[in-house]
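Source: prediction; values computed, not measured.
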Amino acid sequence: MTPISRTGAGRGSIATAICGALAAGGLTAAGVTALEPEAASASSHREAPLISGTPQYDNTDVYAFVSPDKPDTTTIIANWIPFEEPAGGPNFFTFAEDAQYDLRIDSDGDAQEDLLFRYTFKTHTKNDKTFLYNTGPVESLDDPDLNITQTYDVELIKLRHLKAVSKTKIADDVPVAPSNVGKASMPDYNTLRKQAVHKLAGGAQTFAGQADDPFFLDLRVFDLLYGGNLSEVGNDTLKGYNVNSIALQVPSSFLTTSHDQPVVGIWSTTQRKNARGYFSQVSRLGNPLVNEVVNPIKDKDKFNASAPRDDAQFLKNVTNPELPKLIEAIYKIPAPDEPRNDLVDVFLKGVKDLNQPPHVTPSEQLRLNTSIKPAAKPKRLGVLDGDTAGFPNGRRLTDDVIDASLQVVEGELLGAKNDLGDAVDKNDKAFEKSFPYVALPTEGSRGPLAKGVDGGNDVRSQLGDALQPAGAQGSDDMRLIAASAGAGAGGIVLIGAALMWWRRMRNRAY
């Protein structure tokens, strides 16, 4: 790939199973209530002015695909909090308690959600007299040394013409996988990840917690399209950063209206509680890059507060896109003629005979044909390379949406064959082979270790020796803290004990 160069059925039975299991567990299904559209007051990574200042509510990406190891199910993944620096303590990364994190499903193509899975979170603190996220090595999600924890509930809301016909709590007080502080704090993070996968009734499962950011791309596109001379390509800008992920896997038959109509539209939203106690939508995301590079600044906040049924107001941004004009101005690659009805088909309606519902109402959603089986050998360009199980038929973690989108925007579907791309073809970390599929988060202690430490358990058992100053006389506490930082973020949990040890050693020296 050269960078910027021209060369249904079964829903009732599943719902019955879920409700029955929940009733047996002591949970309840709420009565019929109205679900009015939220008041609008205000996605990609920091893509709009308002949401860029509130990362806990910023939805970075949505993925939806037929599960490769369970092809009768669909997996939906939505991520929040862009650019999580792994060592960013002592206040590590939590979901907001005053937010509703929603996964929305349009089962019939009318631009209105028919199913809504709502995640809400609570934060718990064991000891508020310490600044530490954890007070010792954490070996399980219920470890007493994990000082700050979160739990969440999941509510399933069924709608008809935007009115809720039922509300059912399908998960209660499920633990969240914590931020990966470092090797000393969390020596076996994979165990914590596995403990955070929660089974639901009817063959469904859920996960919430930190993960490696699965989006791979070179963000230097914003430096006038890769430096103006292709000098800035091939660097995965998101390498080493984490996100907070929500993942849900459910039988595909629960999402669709019938066997004959297997296409569903999927998007996520965040609602934030305002000072009056009402929730307002502040973030929305379906297809990647839409609000990032399709909508101009004047429409970005409006889009985040809008619903797909109102997307006609943004149609001109799709039919007359800015990006091809910029590429033409900088690289002299002719922009395709407008209006761009080919982009309307791909991003607002779905590809005909693949993932376009019958009688579809054009709207921005990630559309998935759940009857297309997973590819044995997925191709990163998805449909453009003959792999109909990939983007824009849903979005898999391995799909190279930057290259695919660039090629489509530059007229690939209009006969203008090209191999545009950013020279970043895959994620820096391998994805997991089972739910929730996202890679483990980068640990906070990824930097160089302190002198005298080889890694592994040494980070804990040899911390004292590693931090001993070369000459005890003339040293101070700040030198010790600076040395501990070299051991990685995990070393902070033992700073207090190390300080006491060092002071005793200093007193002996004197």
Side-chain angles (χ1 to χ4, degrees), residues 18 21-22 25-27 67 69-70 73 75-81 84 86 89 92-95 97 101 103 117 119-127 132-154 169-214 242-250 397 429-445 456-457 459-460 489-490 493:
I18 290 178
L22 293 173
L27 303 180
S67 310
D69 55 333
K70 295 184 178 180
T73 69
T75 295
I76 303 170
I77 300 171
N79 298 329
W80 279 265
I81 312 181
E84 289 184 3
F92 288 93
F93 304 98
T94 58
F95 291 95
E97 294 185 272
Y101 298 93
L103 307 178
F117 295 90
Y119 286 68
T120 53
F121 293 82
K122 295 179 182 177
T123 303
H124 314 276
T125 304
K126 296 182 177 70
N127 179 7
L132 296 173
Y133 183 77
N134 56 292
T135 55
V138 176
E139 298 178 347
S140 65
L141 294 183
D142 59 358
D143 195 310
D145 286 325
L146 184 55
N147 190 37
I148 307 296
T149 61
Q150 284 199 301
T151 57
Y152 65 96
D153 298 344
V154 184
K169 185 180 285 190
I170 61 174
D172 183 57
D173 284 333
V174 180
V176 175
S179 294
N180 190 357
V181 176
K183 294 178 181 178
S185 294
M186 297 168 183
D188 184 10
Y189 190 87
N190 188 46
T191 293
L192 304 181
R193 158 67 69 83
K194 291 178 179 178
Q195 291 176 356
V197 175
H198 182 73
K199 302 293 184 182
L200 301 173
Q205 50 187 337
T206 179
F207 165 84
Q210 194 178 54
D212 170 71
D213 192 334
N242 298 324
V243 289
N244 276 20
S245 291
I246 288 174
L248 177 69
Q249 186 177 86
V250 296
L397 294 170
K429 284 190 170 187
F431 298 115
E432 301 290 309
K433 297 188 180 302
S434 59
F435 183 84
Y437 304 106
V438 285
L440 295 178
T442 299
E443 59 195 13
S445 58
N457 291 332
V459 177
R460 294 197 310 276
V493 300

Side chain to side chain, Pro178 and Ile148, heavy atoms closer than 4.5 Å: no

Distance-minimising heavy-atom pair for Pro137 and Pro187: CB-CD, 4.5 Å

Interatomic spacing from CZ in Phe435 to NE2 in His198 - rounded to 0.5 Å: 11.0 Å

Nearest-0.5 Å distance that lies between atom CH2 in Trp80 and atom CD1 in Ile246: 4.5 Å

Nearest heavy atoms of Pro214 and Phe431, plus distance in Å: CB-CE2, 3.5 Å

Partner set under ring pair (Phe, Tyr, Trp, His ring centres under 6.0 Å) for Tyr189, not counting sequence neighbours: none

Under 3.5 Å donor-acceptor, Asn147 side chain and Tyr133 backbone: no

Residues that Tyr152 engages under ring pair (Phe, Tyr, Trp, His ring centres under 6.0 Å), provided they are two or more places apart: Tyr119, Phe121

Within-4.5 Å side-chain heavy-atom neighbours: Asp173 and Asp153: yes

From CG (Leu440) to NZ (Lys429), nearest 0.5 Å: 6.5 Å

Thr149 side chain near Lys126 side chain, heavy-atom distance below 4.5 Å: yes

Heavy-atom pair with the smallest gap, counting every atom of Asn180 and Pro441: ND2-O, 3.3 Å

Check: Leu146 and Met186 side chains under 4.5 Å, non-hydrogen atoms: yes

Nearest-0.5 Å distance, CD of residue Glu443 to NZ of residue Lys183: 5.0 Å

Heavy-atom closest pair, residues Phe95 and Ala208: CE1-CB, 4.3 Å

All side chain to side chain donor-acceptor pair (under 3.5 Å) counterparts of Lys433, not counting sequence neighbours: none

From Gln249 atom CD to Asp69 atom CG, the distance as rounded to the nearest 0.5 Å: 6.5 Å

Steps toward side-chain contact (heavy atoms from CB on, under 4.5 Å) verdict (Val154, Leu200): CA-CA 10 Å; Val154 184; Leu200 301 173; 5.9 Å; no

4.5 Å side-chain heavy-atom contact, Pro436 and Arg193: yes

Check: Tyr437 and Ser67 side chains under 4.5 Å, non-hydrogen atoms: yes

Residue Lys122 excluded, over 12 heavy atoms near NZ under 6.0 Å: no

Nearest atoms (heavy-atom pairs only) where Val243 meets Glu84: C-OE2, 3.5 Å

Smallest separation among heavy atoms of Thr135 and Pro144, with atom names: OG1-O, 4.4 Å

Test side chain to side chain contact (heavy atoms under 4.5 Å, CB included) applied to Gln210 and Asn242, Leu192, Val176, Thr442, the passing residue: Asn242

Rounded distance [0.5 Å steps], CG in Leu248 versus CD1 in Ile76: 5.5 Å

Side chain to side chain, Gln195 and Pro175, heavy atoms closer than 4.5 Å: no

